[in-house]
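Comments concern the structure below.
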Amino acid sequence: MSRKPLIAANWKMYKTPAEARSCAEALLKSLQDHTRDEIAICPPFVSLSIVLDTLSGSNLAVGAQNMHFADEGAYTGEISPPMLTSIGVTYVILGHSERRQYFNETDELVNQKLHAAFRHKLSPILCVGEKLEEREHNLTEEVLMRQIELALRNVSPNDASSLVIAYEPIWAIGTGKTATPEMAAEAHLLIRSQVARRLDRKSADNLRILYGGSVRPDNAPSLLNQPEIDGALVGGASLNPESFIKLVRY
Ligand SMILES: O=C[C@H](O)COP(=O)(O)O
């Protein structure tokens, strides 16, 4: 089964539009011939257009970090799926642990957003992962199974053809602590088997499962060489173009 790896940069709430443009220019210069992996850059909303313009016509895709599930409405401060697709965004990160933790996003809300992404032909990068205390209490499997079950409620195998899942153990995000390649691969296997149960074997085999949590140029090779790991969702190490380029070229 060959799944083209995806390496996605999540810039979180960093970079002004001017900084985003200069970073995108540097990435374009060095990565425009890179074909082994798909690459997606996810800047803050206000920099989506400038990054799309900079990367226009290249092999580098652009994603949003969040969205509302409704097409439009009186939802002050929110961004809708058609707003994203109308400017050329193709990926959207959904259910990131920072959204769940700081903005009270529930599995039910993530499920609504996932349906909206499929309706609008956006490829969702669905984030799942356990907290440190859950891992310490051997609850990792239970947490991942629940998050996937609820996020995929009423999702069909047909919908799921564009789905990407990112396994991000919360204790590894921005902490410098990384899951070992074996721990990550074990979690990815659990996720894949849950998707096979919930959807079907074919969807599970085609699904790209990314690892996220303190991925850096030095640990990228050992993680990304695991057959179960189909790419990475990179936060901190994606902010500096040099480090992201080095990481992509692992
Ligand atoms: O979306 C990215 C993840 O939250 C990982 O962030 P990090 O690479 O800074 O640990």
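Indexing begins at 1, ligand by ligand and atom by atom, following the structure's order.
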What's the shortest distance from [atom] to any protein heavy atom, and which residue and atom give it?
atom: atom 8 (O) of ligand 1; answer: G235 N, 2.9 Å
atom: atom 6 (O) of ligand 1; answer: K12 NZ, 3.3 Å
atom: atom 2 (C) of ligand 1; answer: E168 OE2, 3.2 Å

Y75: ring-ring contact (aromatic ring centres under 6.0 Å, His included) partners, not counting sequence neighbours: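 With neighbours one apart ignored, the set is H68.
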
Sequence neighbours left out, what passes ring-ring contact (aromatic ring centres under 6.0 Å, His included) with Y91? Give chain and number order. none

Please state which part of A166 comes within less than 4.0 Å of ligand 1, counting heavy atoms only: side chain, backbone, both or neither.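 No part of A166 is near ligand 1 at this cut-off.
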
With a heavy-atom distance limit of 4.0 Å, tell me whether N10 approaches ligand 1 through its side chain, its backbone, both, or neither. side chain

Please name the pair of heavy atoms, one in G235 and one in K12, separated by the smallest distance, quoted to 0.1 Å. CA-CE, 4.3 Å

Show the atoms of ligand 1 that are less than 4.0 angstrom away from any heavy atom in [X].
X: A172; answer: 10 (O)
X: G174; answer: 7 (P), 9 (O), 10 (O)
X: G213; answer: 5 (C), 10 (O)

Answer yes if L31 and L6 sit in the same cluster of Ile, Leu, Val, Met, Phe, Trp and Tyr residues linked by side chain heavy atoms under 4.5 Å apart, and no otherwise.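 Different clusters: L31 never reaches L6 through Ile, Leu, Val, Met, Phe, Trp or Tyr contacts under 4.5 Å.
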
For D200 and S203, run side chain to side chain donor-acceptor pair (under 3.5 Å): C-alpha distance rounded to whole Å, both residues' side-chain angles, the deciding distance at 0.1 Å, then the answer. CA-CA 5 Å; D200 58 21; S203 308; 2.5 Å; yes

Any N or O on G236 sitting closer than 3.5 Å to an N or O of ligand 1? yes

Do any N/O atoms on I173 end up under 3.5 angstrom from N/O atoms on ligand 1? no

Report the member of H96, E98, K177, R216 with the shortest heavy-atom distance to atom 4 (O) of ligand 1.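 Nearest option to atom 4 (O) of ligand 1, by heavy atoms: H96.
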
Any heavy atom of S214 sitting closer than 4.0 Å to ligand 1? yes

Pick out which of C42, S47, S238 makes a side chain to side chain contact (heavy atoms under 4.5 Å, CB included) with W11.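 In the set C42, S47, S238, the residue that makes a side chain to side chain contact (heavy atoms under 4.5 Å, CB included) with W11 is S238.
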
Any donor-acceptor N/O pair, R99 side chain to E105 backbone, under 3.5 Å: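 Not confirmed, R99 side chain does not pair with E105 backbone.
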
Check whether Y250 forms a cation-pi arrangement with R36 (NZ or CZ under 6.0 Å from the six-membered ring centre, at most 45° off the ring normal). yes

